Amino acid sequence: METWRILHTNDLHSHFEHFPKIGRYLKKAQADDSVDEIYTFDAGDFMDRSHPLTDATEGQANIQLMNGFHYDAITIGNNEGISNPHWVLEHLFDHANFPVVLANLREEDESLPKWAVTHKILVTKKKTRIALIGLTAAYPMTYGPNHWHVKMLGNTMDKELDRLKGQYDVLILITHVGLKMDRWLAKNYPEIDLIVGGHSHDLLEHGEKVNGTWITQTGKWGNYVGDIHVELNDDHQVTKIVPDTIPTVSMKTEPQDEAIIQGYYDKGKRLLSEHHVAELPEKFADDKVAAVQVSLDAIADFAKTDLAILSSGLFLTPFKSGILTQYDLQNALPHPMHIVRSTLKGSDLWRLVMEIEKNRHYLDHFHLQGMSFRGKIFGQMYYKDIQVDMRKRIVYVKGREIEPEKEYQIACLDHYVLVPFFPTLAIVGENEFLFPQFLREVVGNYLAKKYPLPTRSEVND
């Protein structure tokens, strides 16, 4: 007989407020001598650039902290693969002391990223062979513009399992594909013994068994830590899997925790505040509408369009007059969103505007989570160079009534393509996702050009 303890996390999203407790729990569990083997895995989205320290260090602070958790293997999530420019992900794991298993991502030349392996074989002290395969969410629409080739799950699994035939006794997947796709994997690949999952933020307190395969997930933000008991017979076959999740709130708080957590934030704030972006005039002082309007200009300029839409809920704080820093921008616009240039026929643009107007009052106070949104409510929609007469149901573009057969281009966000409120964008829009800059970088670059920082001679004068 052989016993294991498998510890796991997913979707930490730079919620460093839980890291001291999680670190202590993992350290104690990893010293457990009542079992034969202990393994620790993470299923992706461990970083989120909405935290100042992550943003300032481009995720290197996360890697340093994760090194202290002593992971045996991790995979990446969309926050690592899409929210980061290609070159940032290329160097994200330069100082990691854990392997990244990821079978379904390739460079544009189809080579495997230098920081990843498609699978890993672990051999226990009792000679059981464990095959680990890593998978991330297959989003070609957004991985492609970021110069990656993401592969579909079925094709990837078929190839990996063929490659691994005869080389393992136990098969474990570390996935960032969401519960729905984990269930699909379990139904279609019964040879999988365990899936350590993430992405959909589902809390499976005691796991879920599908077609003989156990699926586990710990919710989000480090609110829980997964702790799985596994038993095997002398033939290296799994006989028992007992998943469990431990609430972080139940873990003991130490006196130094608060200072450590605040220190992470303060360090990120200091690093970002050292970088000045622009010098804004008085009209921006505590005026959120002014921030929205200049940001409309910014995304239109970036996408090379005349038209643009943005929602006020994106702006967690207004901009300010005087020197604007990277911290101010990150604090106002923490969302890892990218600009989309959408091409629509006039009749479809009219329909999009009608969808916006139909949902306007509902969205103004609608509480929203997920899909890269890091705010609280969706807020009011604002247009650039679009006017609406709802009494007559007429839409004007730059003062002229819309032409049904004419093509128009509008700057928006990937977020608006993903949310269900504006189906016209996703269904008939020819959508071009623009990388690598994301929203606040686009706005910051535009502000730097429009309201440049004073030169040294100007400061001395």
Side-chain angles (χ1 to χ4, degrees), residues 49-50 52 55-56 58 83-88 145-147 268-312 314-343 372 374 381-386 397-398 408-416 431-461:
R49 296 186 72 147
S50 63
D55 201 40
E58 295 179 326
S83 296
N84 287 315
H86 187 102
W87 71 269
V88 170
N146 205 19
H147 305 291
K269 179 179 179 179
R270 175 178 57 79
L271 291 171
L272 291 176
S273 296
E274 291 172 356
H275 298 277
H276 295 180
V277 175
E279 185 174 31
L280 302 186
E282 186 61 32
K283 71 175 184 178
F284 285 101
D286 298 321
D287 189 339
K288 185 179 284 190
V289 174
V292 175
Q293 289 173 338
V294 77
S295 298
L296 284 166
D297 293 337
I299 68 169
D301 178 73
F302 180 73
K304 296 180 173 56
T305 66
D306 293 323
L307 314 179
I309 53 173
L310 282 176
S311 50
S312 63
L314 294 165
F315 297 79
L316 304 198
T317 63
F319 299 157
K320 64 180 185 180
S321 60
I323 299 297
L324 185 80
T325 69
Q326 284 188 4
Y327 171 75
D328 297 321
L329 266 179
Q330 197 270 348
N331 196 40
L333 293 168
H335 328 277
M337 297 178 180
H338 290 89
I339 315 303
V340 171
R341 179 170 51 235
S342 186
T343 302
S372 296
R374 302 293 182 257
M381 288 296 293
Y382 285 81
Y383 303 110
K384 174 178 169 58
D385 282 337
I386 294 175
V397 172
K398 302 183 79 171
Y408 295 87
Q409 290 190 321
I410 186 168
C412 61
L413 301 176
D414 52 9
H415 178 70
Y416 300 150
N431 299 316
E432 184 180 356
F433 290 71
L434 306 178
F435 279 74
Q437 293 88 352
F438 49 96
L439 177 60
R440 68 173 166 274
E441 292 178 321
V442 169
V443 173
N445 291 340
Y446 182 82
L447 291 173
K449 289 188 296 183
K450 189 172 179 65
Y451 303 106
L453 293 165
T455 63
R456 184 170 299 178
S457 61
E458 290 172 331
V459 171
N460 293 335
D461 290 344

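Quick caveat, the model's predicted, so the values are computed rather than measured.
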task = Quick one: closest heavy-atom pair of L314 and L333, and the distance?
result = O-CD2, 3.4 Å
ask   = Counting only N and O atoms by type, is there a donor-acceptor contact under 3.5 Å from the side chain of D328 to the main-chain atoms of F319?
value = no
ask   = Rounded to the nearest 0.5 Å, what separation is found between the CG atom of D385 and the CG atom of D306?
value = 6.5 Å
query = Roughly how far, to the nearest 0.5 Å, is the CG atom of L307 from the NZ atom of K398?
reply = 8.0 Å
task = Look only at the side chain of H147 and the backbone of H86, and say whether a donor-acceptor pair between them is shorter than 3.5 Å.
result = no
query = Say you draw a straight line from CD of Q326 to CZ of R440; how long is it, rounded to the nearest 0.5 Å?
reply = 9.0 Å
F315 backbone acceptor or donor facing K288 side chain under 3.5 Å = yes
Ring geometry between H338 and F438 (parallel below 30°, tilted from 30 to 60°, perpendicular above 60°) = perpendicular
inquiry  = Test of understanding: with side chain to side chain contact (heavy atoms under 4.5 Å, CB included), list the residues that count as partners of P452, not counting sequence neighbours.
reply    = none
ask   = Among L434, D301, I339, which residue meets the side-chain contact (heavy atoms from CB on, under 4.5 Å) test with V442?
value = I339
message = Check K450 with D297, please: is the shortest side-chain N to carboxylate O separation under 4.0 Å?
response = no
key: Set of side chain to side chain contact (heavy atoms under 4.5 Å, CB included) partners for T305, sequence neighbours left out   = A300, A303, R341, Q409, A411
request  = Could you tell me the separation between the CG atom of N146 and the OG atom of S83, rounded to the nearest 0.5 Å?
outcome  = 9.0 Å
ask   = What is the distance from atom CD of Q330 to atom CG of L316, rounded to the nearest 0.5 Å?
value = 9.5 Å
ask   = What are the two closest non-hydrogen atoms of L413 and V340, and how far apart are they?
value = C-CG2, 3.9 Å
ask   = Counting distance only, does the side-chain N/O of S295 pair as donor-acceptor with the main-chain N or O of A298 below 3.5 Å?
value = no
query = Between the side chain of E432 and the main-chain N/O of T343, is any donor-acceptor distance below 3.5 Å?
reply = no
task = Sequence neighbours left out, what passes ring pair (Phe, Tyr, Trp, His ring centres under 6.0 Å) with Y382? Give chain and number order.
result = none
key: Straight-line distance of K384 NZ to I410 CD1, nearest 0.5 Å   = 11.0 Å
key: Closest non-hydrogen atom pair, S372 against H335   = O-CB, 3.4 Å
